[in-house]
Amino acid sequence: MSKVGIIMGSKSDLPVMQDAIDILKGFDIEVEVDIVSAHRTPEKLFDYGKHAHTRGFSVIIAGAGGAAHLPGMIASLSPLPVIGVPVKSSNSIDGWDSVLSILQMPGGVPVATVALNGAKNAGILAAQIIGSSDKCVLDKIMVYKEGLKAAVIESAKNL
Ligand code: RP5
C-alpha cells in the first residue's frame, strides 16, 4: 500500500501540517510524520532524502517556514515527487520568504509548491498522485470532489 511521508522543519509547523495528515487519513492513505530540519538536523535530512524511496513512500510532503530549505533539499536527494508547503512561521517576514524559498527551484529539481499554509491541498495532491495508479484512492477523490460541488450548490440555496 502507498504511504506518504510528511515532514516539517519544526514541531511549530505541525498546526499547519496537520491539515495534510487529516485529509490523507480521510482518504485512508497511510502517513508517516517526522520532524526534519534542514538547518538543525542536516544529517537526518540527508538520510531521509536518500532513503525515502526504499521505505515504501510514494510521495513526500515537506513543510517549512522562513528560509525554507527542507522541501528543495529533499527534492535534490530523492527520486520521489516532493510537494512543498510554505509555512508562515515565527521567523517569517510575511510568508513570501517561505513561498519563494520553496517555489523558485532550479530546472531539473521540481518541488510542487502549494499556497502559503496550504497543507490541505498538499494532502489532496499527494492523494491524486497515488490515485493515478490506485483505483480505490481515485474513487475516493471523485467522491470528495462531488462533495465539494454539493456543498457549493447547497450554500447557494440559503442566500
Ligand atoms: C523553520 O523555522 C521551521 O520549518 C519553522 O517554520 C521555523 C521556526 O522554527 P522554530 O524556531 O519554531 O523551531 O525551519
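Every number for a ligand or one of its atoms is a count from 1 in the order of the listing. Please read these numbers as outputs of a predicted model, since none were measured by experiment.
Atoms CZ and OG, on Arg40 and Ser10 in that order, are 6.0 Å from each other to the nearest 0.5 Å.
The backbone N or O of Ile129 lies less than 3.5 Å from a partner atom in the side chain of Ser132, making a donor-acceptor pair. Checked by atom type and distance alone, the side chain of Lys140 never pairs as donor or acceptor with a backbone atom of Gly26 at under 3.5 Å.
Summarising the geometry of Ile6 relative to Tyr48, their closest heavy-atom pair is N-OH, 4.2 Å, with the distance given to 0.1 Å.
At the shortest separation from atom 10 (P) of ligand 1 among protein heavy atoms lies Ser10 OG, 3.4 Å. Annotation: atom 8 (C) of ligand 1 to nearest protein heavy atom, Asn91 OD1, 3.4 Å. Counting only heavy atoms of the protein, atom 11 (O) of ligand 1 lies nearest to Arg40 NH2, 3.2 Å. Protein heavy atom at the shortest distance from atom 3 (C) of ligand 1 is Asp13 OD2, 3.4 Å.
Polar contact with ligand 1: present for Ser12 (N/O pair, distance under 3.5 Å). Where the criterion is an N or O separation shorter than 3.5 Å, residue side chain and backbone included, Gly65 meets it with respect to ligand 1.
Under a 4.0 Å criterion applied to the non-hydrogen atoms of Ala64, ligand 1 contributes the atoms 4 (O).
A side chain to side chain contact (heavy atoms under 4.5 Å, CB included) with Asp13 is found for one member of Lys88, Met8, Gln18 and no other, namely Met8.
A donor and an acceptor atom, one from each side chain of Ser98 and Ser101, are nowhere located under 3.5 Å apart.
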